[in-house]
There are 2 protein chains.
Amino acid sequence: MAHEAQKAIARQSLLLKSLPDQHVETLLSHAIWRQYDRGETIFVQEESAQAVHVVLAGWVKLFRMSPTGAEAVVSVFTRGESFGEAVALRNVPYPVSAEAVSACEVMHIPSPVLISLMKADPEIGISILASTFTHLHSLVSQLEQLKAQTGAQRVAEFLLNLCDCDEGACEVELPYDKMLIAGRLGMKPESLSRAFSRLKAVGVKINRNHAEISDIPLLRDYADSDPAENWAR
Amino acid sequence: MAHEAQKAIARQSLLLKSLPDQHVETLLSHAIWRQYDRGETIFVQEESAQAVHVVLAGWVKLFRMSPTGAEAVVSVFTRGESFGEAVALRNVPYPVSAEAVSACEVMHIPSPVLISLMKADPEIGISILASTFTHLHSLVSQLEQLKAQTGAQRVAEFLLNLCDCDEGACEVELPYDKMLIAGRLGMKPESLSRAFSRLKAVGVKINRNHAEISDIPLLRDYADSDPAENWAR
DNA sequence: GGCATCGCTTGACTAATGTCATGTTCCCGG
DNA sequence: CCGGGAACATGACATTAGTCAAGCGATGCC
C-alpha cells in the first residue's frame, strides 16, 4: 500500500492541498496506488473515466492521436499534479490518452468517492474547479504560443519556465527527453535541435540534458519579441 | 429587462439546461442582461472575474494579446454558449479578453449568486464542470489540429463542423467574417484565402460568406489525411 | 453620385518548418 | 570491451505560412 512519503506528496498536490484534513484522509484511504514503467499506458482516448489521477513521482504525458497516426502532446505532468478531474466527474470518455514517459507512481481517486464527498461538501467542487482552471489556463497559454510564436521562441519560454529566478544567469536540467519536449512544443525533434542552435545567439548553451542560460532577461526579450525582428546570430 | 424569448434561449444553454427549474429561475432572476455593439469589449485579460457569461444572440470572441501585440483567438461563442465558469467561481483574473464581434446580447450571472446556489446544491457544481469540460475538450481539439494539420486541413474541419449531415453535398453560411475565421484557425487572412483556393480541388466553392461542399466524405478524407499525401490541384 | 474605407484576394518573396538521409554519440547488454 | 539501437545533430531539399504590396469590390457616408 501507500508509504507515508507518497501520501505527503499527495497532500501537497494542487487538488488536495486546500481541502480540510478530514476530507483529504478520506480520499487518501480510498485511493488506488500504482506504479508504471516507462512507456506504459495509463488510459486511452475514448475510454470512460473512472478516476482522477495524481502523479506522485515521474512524468506522465497526455496526448491525442490524429486519424493519420500523428501524435499531439497536450500536456506533461509530474509530481504533485493531477489530471482527469473534469472528465472523471461526468462519466464521459477521455478526450486524450495518458502514458508514463518515465517510471512513475500515480494515485487514482475513484470518481464515486469524489462525487459522494462533493455532495457532502460543495467546497470540494471549488477545489476541483481550481485544478481544472489551471489546466484550462495552461491550454490557453499553449494555444497562444503556438499561434503567435516561432518554435525557437516557444523553446525559450519553456526554458524560462524551468528557471526559478527571473534575472541573471541560471542552469537547469531538461526534465525529460528532447523528443517529448519537441512534441510538447508542437514541433519535430529536428526543429527542436535547430531551435537550440539559434538560442546560442541569446546566451543559451545546451549540453546533454543540461542547459545554461547566461542572461535571463535577454532570453525573455527574445521569447516575447516580434518574430520579424532580427537577432544577431 | 429580459424578454421571454431571451430567457428561453438562456434556459436551453448547456450551462442551465440540465438544472432543476427552480434553480434556473433563481439564476435568471438575478442575472444582468446586456447588449453590446460590434467591437465592444466585454472584459479584458487580468480583470477579476465577477460573473459567468451566457451568449443569447450574436457572436463573442475570447482572445489573448501577446506582449508584441499579436492577437490569438482562443474561442468564438454564440447563442446558447457560456464562458468564464471556472474563472468566475474562483475570483481569479481572466486569462483572456472578450469582445463582441457582432452586435450581441449577453446574460451575466454574478458569481456570488452561483456560488451560494452551489453551496445549496452540489448538482450545480457538476453542471458547471460540464460546461468547463466542453471548453477543455474544444481547446484540446484546437491544439491537436494546430499541431497536426496544415492550414487548409483546419479550414476543411471548420467547414465540416458547420455541416449538419455527414454525407453527400451541403451548403453552409460562414458564421462570421473571414478575418475572424483566420484568427480562430491560427492563420493570417491571406493564408485563409489561399486555403480556400486549395479546397477547390476537393469540391469546395466559396462565394462571399456562402460555402458549397460537393462531397462531404471527400473533404473529410482530405482533412484527416497525412499532409504529405498529394491531392491533385 | 462619387469617394473613402474595409474586407478580401492575389502575386512575389522570405522565413520557418517538415522530410529524408546521413552521421555521431551515448547507453545498455552481452 | 564490443556491438547494436535509440536519441540526437546536421545538411539538402520541399512545403507551408507569413510579409509586403497592389488591386478589386462592396458598403457606407457626404
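Lettering of chains follows the sequences in order, A, B, ..., and the numbering in each one begins at 1. The structure displayed is predicted, hence computed values, not measured ones.
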Neighbour count above 12 (heavy atom, 6.0 Å) for B/M65 CE: yes
Value in whole Å for how far the C1' atom of D/dA17 lies from CG of B/L192: 12 Å
Nucleotide C/dC8, atom P - distance to CG of B/N209 in whole Å: 9 Å
Short side-chain N/O contact to C/dT9 OP1/OP2 from B/S193, under 4.0 Å: yes
Residue-level proximity of residues 171-186 of chain A to DNA chain D when a heavy atom falls under 4.0 Å: A/D177, A/K178, A/M179
Pair of N/O donor and acceptor under 3.5 Å linking D/dT15 base with B/R194 side chain: no
Separation of atom CZ in A/R154 from atom P in C/dA16, rounded to whole Å: 12 Å
Between A/H135 and B/F133, ring centroids under 6.0 Å: no
Protein-nucleotide distance (B/Q149, atom CD; C/dG18, atom C1'), rounded to Å: 16 Å
Distance below 4.0 Å between B/S191 side-chain N/O and D/dG18 OP1 or OP2: yes
Protein-nucleotide distance (A/D226, atom CG; C/dA15, atom P), rounded to Å: 14 Å
A/Q149 (side chain) donor-acceptor with A/L146 (main chain) under 3.5 angstrom: no
For atom CZ of B/R38 and atom P of D/dG28, their distance in whole Å: 11 Å
Any B/S197 side-chain N or O less than 4.0 Å from OP1/OP2 of C/dT10: yes
Sugar-phosphate, base or nothing in reach of A/R208, heavy atoms under 4.0 Å: sugar-phosphate
Under 3.5 Å side-chain donor-acceptor pair for B/K147 and B/Q142: no
Geometric class of the B/H53/B/F43 ring pair [parallel <30°, tilted 30-60°, perpendicular >60°]: tilted
Whole-Å gap separating C1' (D/dC8) and NZ (A/K188): 16 Å
For atom CE of A/M187 and atom P of D/dT15, their distance in whole Å: 23 Å
Polar contact flag, side-chain donor to acceptor under 3.5 angstrom, B/S82-B/E85: yes
Side-chain (B/R90) to main-chain (A/L129) donor-acceptor, under 3.5 angstrom: no
